[in-house]
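Convention: sequence-line order gives letters A, B, ...; per-chain numbering from 1.
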There are 2 protein chains.
Amino acid sequence: MKVKITEVALAAGVSSATVSKVLSGRTGYAVHAATAERVRQAALHLGYVPDLAARNLRTGRTGQLGVVLEAVGSSEPDSLLGGVTAGSAVRRTFDGAIMAGLNDAARELEVPALVVYPGGGKPPASYLDGRVDGLLISCDPLRGHGLLEALSGAALPIVALWTENPPPGMSAVDVDHQAGGALATDHLLGLGHHRVAFYGGGEASGVEHFRRRELGYRQAMLAAGAPVQTALHDGALLVEAVRRGEVSAVFAETDLAAAAVVQALSRAGLSVPGDVSLVGFDDILGAEYIAGGLTTVYHPAAEMAAEGVHALMRRLQGESASQLLLPPHLIVRRSAQTQSESPVRQEWRLKRPPKM
Amino acid sequence: MKVKITEVALAAGVSSATVSKVLSGRTGYAVHAATAERVRQAALHLGYVPDLAARNLRTGRTGQLGVVLEAVGSSEPDSLLGGVTAGSAVRRTFDGAIMAGLNDAARELEVPALVVYPGGGKPPASYLDGRVDGLLISCDPLRGHGLLEALSGAALPIVALWTENPPPGMSAVDVDHQAGGALATDHLLGLGHHRVAFYGGGEASGVEHFRRRELGYRQAMLAAGAPVQTALHDGALLVEAVRRGEVSAVFAETDLAAAAVVQALSRAGLSVPGDVSLVGFDDILGAEYIAGGLTTVYHPAAEMAAEGVHALMRRLQGESASQLLLPPHLIVRRSAQTQSESPVRQEWRLKRPPKM
DNA sequence: CTGTTAGCGCTTTCAA
DNA sequence: TTGAAAGCGCTAACAG
């Protein structure tokens, strides 16, 4: 059945202790090169696979990192995200990105496995059962820091994702939403728009990240000496404002909100970017099909997750807790154009699509 | 430091064996109710958390399920998906859905944790190191069954996702793509369209799933006595076919392909659903913004993952390998309309064939 | 109903 | 440079 270390020892003509020294992966043991080689051959030949449980019991470590996906699979309505209904789709996109980032980093750092906790039920206790050496928590921004607080005193090194200000002792990685908001707004400003509105802040206004995006907008407007407008989160109101000539460009809180803007505008016979320039945030799947190509702020979720793994590994190597804010960057497509180009007839555009 | 079972025993005034009986979760032991309660109190009071490694070593089981996400985080070009470039975004969406489904099922079945292997590096050996009781493999349809074959002889129960015909001994869960293709086509047929084309089959034609979708199309067309057309995978060709009056409706291989269809058509001044009815496949994020609401086939990826967990648990309880094909369902939005409703704007439409 | 006992397979001093 | 021996913390027979 299962090959154990003693059988390898027997085959190689050495003791189990020697086999362990060779195969444990730990360097620094004094083993004769020839002996080591003999052991490795025997192990390979017998198809030896070390028993993790035994090793963990002995060493007290597992080499595994734990992951808590706070929001994943939850079936709560998440219409808050983006201010428009989106099922669980947006979350799933981000969770997929998180997993991708975690996987890449784990592979790179040779972390053998990630332990993903289903979450939902009884949280804290099970995270501390020695299954993992450290914990990554992908927080749900909609839920506040309840889980982090609960884990606050834990002996386990923890790094929080989607979090700017973690409880003391924890590391954190987040995207710099404020910088992203400023980036989007500056882009519009740079295109000659002064009458830039922020679209969002509706039901989702309680979400820290979205407030930071708006803060970035305000900061950029202020810095440019442009008039900060009160946030809009109603299509009809936006249409009126556009008609009154009060807004020529919109920075939407999320790409989904941007899609809602496009829809509201187009129902009123207004087009993007013909009548209004638009910038979104997130670069979700399908962004290139919104308004013929939505200019938006790329949200580095996968990168954030990867940085989280790095941060956790550093903690495991004795470094102290750290905090990191990832800069987002702009993806320029077609939904935002210079103001002078704006008043262009729709028919004209059909015949001569603007070059990228 | 860490509380162990003997300390709980001491505090409760019983032996460690009794504590184990009470706390192991295993029922069927004869323990006095009062004693059990005393033990539980002591454990709670001391903050006892069982050491998983020790338990696993002793019992030989872990209660954990392993997950291999074959495609996740891979940075290979995946332009094949949908026949149009999409970065890793589509995959990530599906991986997010997979994780959501796994999590929900794990929570429901009280699986304490899922072990996710980074994959990529050296595969098989590490999956068999006793870390998990069974393995879920989310196969990459673009890669064939290499990994499954390699794991073919393994002692571990394995269930393959995204797979219709696994190697003998393995369970498998997949979506019924052929049924989905038929569903989409029948919908168009039911709307009065006879000249239905299949869009896809380009570079991605090697992908089994997509071929099955096309098979569903053929099957439905045949059954309806409608003319099966050769697959189109070029926007210009499609436009010509539409202009010649050869096609009034399109079933696109994927939603992304559908988006490409919309784009090609609109560049030629043709609209969806005005000139052409369109049905996609997948219901990706943003599908509601394609063509003002893409009618599409919902791809139950999360459900597939959940079924996979159930299948694996069944295997662990001694049942034999099983195979399951999940039926997709149609999501009706606006991109497909009855032929008579389509605004008649082209000359050729004036002599459209009588409805039957 | 409760306690004693013997390991699970591995790593790690320590002595040879 | 190698080997003998002592557990890591828990569970499962088996006695009592």
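Between the side chain of B:Ser171 and the backbone N or O of B:Ser322, at least one donor-acceptor pair lies under 3.5 Å. Of the possible donor and acceptor atoms, none in the side chain of A:Ser20 sits under 3.5 Å from a partner among the backbone N and O of A:Ser16. Checked by atom type and distance alone, the side chain of B:Arg315 never pairs as donor or acceptor with a backbone atom of B:Pro157 at under 3.5 Å. Judged by distance alone, with hydrogens and angles left aside, the side-chain atoms of B:Glu70 form a donor-acceptor pair with the main-chain N or O of B:Asp140 at under 3.5 Å. A:Asp133 places a side-chain N or O within 3.5 Å of a backbone atom of A:Thr62 that can act as its donor or acceptor partner. B:Glu307 contributes no side-chain N or O that, together with a main-chain N or O of B:Leu324, makes up a donor-acceptor pair within less than 3.5 Å. A donor-acceptor pair is defined here as one N or O able to donate and one able to accept, closer than 3.5 Å; no such pair exists between the side chain of B:Thr35 and the backbone of B:Val31.
For the segment residues 24-32 of chain A, the set of residues with a heavy atom within less than 4.0 Å of an atom of DNA chain C comprises A:Ser24, A:Arg26, A:Tyr29, in numerical order.
Under the 30°/60° scheme for interplanar angles, the aromatic rings of B:His299 and B:Trp162 are found to stand perpendicular.
Residue contacts for B:Thr35: at a heavy-atom cut-off of 4.0 Å it reaches the sugar-phosphate backbone alone, with no base atom in range. A:Thr59 comes within 4.0 angstrom of sugar-phosphate atoms only, judged by non-hydrogen atoms across all strands, and of no base.
Between the NZ atom of B:Lys21 and the P atom of D:dA12 there is a distance of 10 Å, rounded to whole Å. A straight line from CZ of A:Arg58 to P of D:dG9 spans 10 Å, rounded to a whole angstrom. Regarding B:Leu23, its CG atom lies at a distance of 13 Å from the P atom of D:dA12, rounded to whole Å. D:dG9 atom C1' lies 6 Å from atom CG of B:Asp51, rounded to whole Å. Atom-to-atom, CG of B:Leu57 to C1' of D:dG7 comes out at 12 Å; the value is rounded to the nearest Å. Rounded to an integer number of Å, the gap from CD1 of A:Ile5 to C1' of D:dA4 is 14 Å.
The distance from atom OG1 of B:Thr163 to atom CD1 of B:Ile137, rounded to the nearest 0.5 Å, is 8.5 Å. Atom OG of residue A:Ser152 and atom CG of residue A:Leu147 lie 11.0 Å apart, to the nearest 0.5 angstrom.
Protein chain A contacts DNA chain C over a range whose 5' and 3' limits, counting nucleotides with an atom under 4.0 angstrom from a non-hydrogen atom, are C:dG9 to C:dT12.
Exactly one of A:Val68, A:Leu156, A:Ile158 qualifies for a side chain to side chain contact (heavy atoms under 4.5 Å, CB included) with A:Leu151. That residue is A:Ile158.
Rounded to 10°, the angle separating the first-five-pair axis and the last-five-pair axis of the helix from C:dC1-D:dG16 to C:dA16-D:dT1 equals 30°.
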